[in-house]
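Numbering of residues begins at 1 and proceeds along the displayed sequence.
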Amino acid sequence: MTSEVNTSFKSDLLCVLHERGFIHQATNLDELDARASRQTLTGYIGFDATARSLHAGSLIQIMMLYWLQQTGHRPIALMGGGTTKVGDPTGKDAQRALLSDADIASNIASIKGVFEKFLRFGSGPQDAIMADNDEWLSKLGYVEFLRDYGTHFTINRMLTFDSVKLRLERESPMTFLEFNYMLMQAYDFHELYRRHGCTLQMGGSDQWGNIVNGVELVRRKDGAEVFGLTTPLLTTAAGKKMGKTEGGAVWLNADMFSPYDYWQYWRNAEDADVPTLLARFTVLPMSEVRRLAALAGAEINEAKKVLANEATALLHGRKAADDAAETARKTFEEGASAEGLPTATISTEAVAAGAPLLEQFLATGLIASKGEGRRHIAAGALKVNDVPLAEERLLTAADFVDGAAKISIGKKKHALVRIG
């Protein structure tokens with residue numbers, strides 16, 4: 001096993017993944033590169049169905065499947081109909097809430113549509129496959145599973161995995177049900193190898209231990225060498241986990257997070273994150289990514305608009321991206337003249353010194369008193385740039401887009417705060 005990355009790859013797959021920053025750890029990377037350069041590989045990533053939609057934190061894995069197919073290989077999007085019944089303990093301090101079979105089935109049906117935006121499904125040798133591990137996990141006999149597979153896992157080794165160590169170190173209970181999750185994930189790889197000739201499992205860096213388990217199980221049970229590959233854990237420059245906002249998760253389903261809000265999420269990216277986000281979440285040529293990443297000062301806003309346009313077009317289509325961009329342009333660039341929005345002006349010095357946001361809501365007439373504003377905050381109705389306020393805070397330079405910050409109550413009452 002290795003976490004070292006070779007930078008002189010032969011295969012299109014690893015060249016693309018390396019250049020765009022997707023590779024963190026891998027098992028026998030040189031042999032994986034050799035195979036990918038001479039034959040069509042089948043690779044998979046698993047997605048548990050704990051909600052009606054995946055969120056933006058899952059995009060890095062979806063883009064891995066996208067590039068797998070674009071470089072001539074076959075992706076499998078594995079729905080965790082079976083593993084969701086157990087719950088992945090990775091990164092958790094407590095057991096996930098267990099869902100009913102009906103809830104899981106409903107979530108999977110809701111999630112599937114997202115993959116069709118990124119992958120081409122069909123019956124060809126490079127067409128994507130949608131699978132559900134409930135198909136085989138629900139049929140396993142407990143005693144037979146322990147007898148045939150339990151001997152290939154040691155408690156000693158499992159206790160070294162981060163998902164287990166974290167819970168033990170924090171003295172948080174870990175149920176036997178959760179402890180079995182890693183065995184079930186390893187079995188998935190074994191089953192996909194048998195069914196589809198799958199030789200590559202990919203996932204986030206927090207899945208490294210689970211992936212290694214699967215690689216070893218296939219070697220022992222099937223006598224075959226298969227491969228694991230993980231992506232870096234993606235956080236923003238501010239240290240926040242990808243896919244979250246102050247108002248909650250950035251869902252990929254349009255009925256849970258609108259295309260306009262999705263566009264704004266990318267448009268509001270921190271300057272330092274733009275190069276990474278362009279490389280991983282758009283399909284722009286890397287020459288264009290590097291050109292945009294080199295922009296500085298006020299010009300970085302143009303790169304952010306391109307990022308927002310391209311990321312939104314991938315998920316929601318080009319028209320939705322263009323419509324979102326035009327709505328933002330009218331709101332932030334034409335401002336009150338286009339939308340008739342109330343406007344307040346604030347100096348750069350006042351922003352730097354720290355201006356209470358509620359004062360701007362008062363100045364624009366959106367609220368009659370600070371008490372009213374605090375009640376709106378508690379109800380999740382007060383927003384800055386369409387992101388709900390979690391608490392009373394100051395207006396900062398980061399809130400301004402092209403010199404204006406949009407403040408709102410609910411969905412219909414808006415105003416602009418301009419720097420002037």
Can you confirm whether more than 12 heavy atoms, excluding those of K10, are under 6.0 Å from its NZ atom? no
Is the closest side-chain donor-acceptor distance between N253 and S110 under 3.5 Å? yes
Do the non-hydrogen side-chain atoms of F22 and M63 ever get within less than 4.5 Å of each other? yes
Of all the heavy-atom pairs spanning L252 and L315, show the shortest one and how long it is. O-CD2, 3.5 Å
Cut-off 3.5 Å, no hydrogens considered: what does the side-chain donor-acceptor table look like for residues 281-292, sequence neighbours left out?
unit_1: T282; atom_1: OG1; unit_2: L278; atom_2: O; d: 2.6
unit_1: T282; atom_1: OG1; unit_2: L284; atom_2: N; d: 3.3
unit_1: E288; atom_1: OE1; unit_2: R291; atom_2: NE; d: 3.0
unit_1: E288; atom_1: OE2; unit_2: R291; atom_2: NE; d: 3.4
unit_1: E288; atom_1: OE2; unit_2: R291; atom_2: NH2; d: 2.8
unit_1: R290; atom_1: NH1; unit_2: E19; atom_2: OE2; d: 3.2

Any heavy-atom pair between the side chains of N133 and E191 that's under 4.5 Å? no
Side-chain touch Y187/L140, heavy atoms, less than 4.5 angstrom: yes
Salt-bridge test for D261 and K383: reply yes if a basic N is under 4.0 Å from a carboxylate O, no otherwise. no
Listing request: all side chain to side chain donor-acceptor pair (under 3.5 Å) pairs with a residue in residues 64-81, at least two apart in sequence or in separate chains. T42-R74
Let's go through N309 and V306 carefully: what are the C-alpha distance in whole Å and the side-chain angles of both, what is the deciding distance for side-chain contact (heavy atoms from CB on, under 4.5 Å) to 0.1 Å, and is it a yes or a no? CA-CA 5 Å; N309 289 340; V306 172; 5.5 Å; no
Heavy atoms, side chains only, cut-off 4.5 Å: are V417 and V384 in contact? no
Are the side chains of R318 and E310 in touch, meaning some heavy atoms are under 4.5 Å apart? yes
Salt bridge or not for K112 and E116, using N-O below 4.0 Å? no
Does any non-hydrogen side-chain atom of K305 lie less than 4.5 Å from one of R267? yes
Could you label the plane-to-plane angle of the W266 and Y262 rings as parallel, tilted or perpendicular, counting under 30° as parallel and over 60° as perpendicular? perpendicular
Audit row: Y193, H190, ring-ring contact (aromatic ring centres under 6.0 Å, His included) steps and yes/no: CA-CA 5 Å; Y193 173 78; H190 165 64; 8.0 Å; no
Can you find a side-chain donor-acceptor pair between Q207 and Q201 that sits under 3.5 Å? no
Answer with yes or no whether the side chains of W136 and D188 bring together a donor and an acceptor at under 3.5 Å. yes
Say whether S205 and Q25, considering side chains only, have a donor N or O and an acceptor N or O under 3.5 Å apart. no
Could you tell me if S408 and H414 have a donor-acceptor pair between their side chains, going purely by distance under 3.5 Å? yes
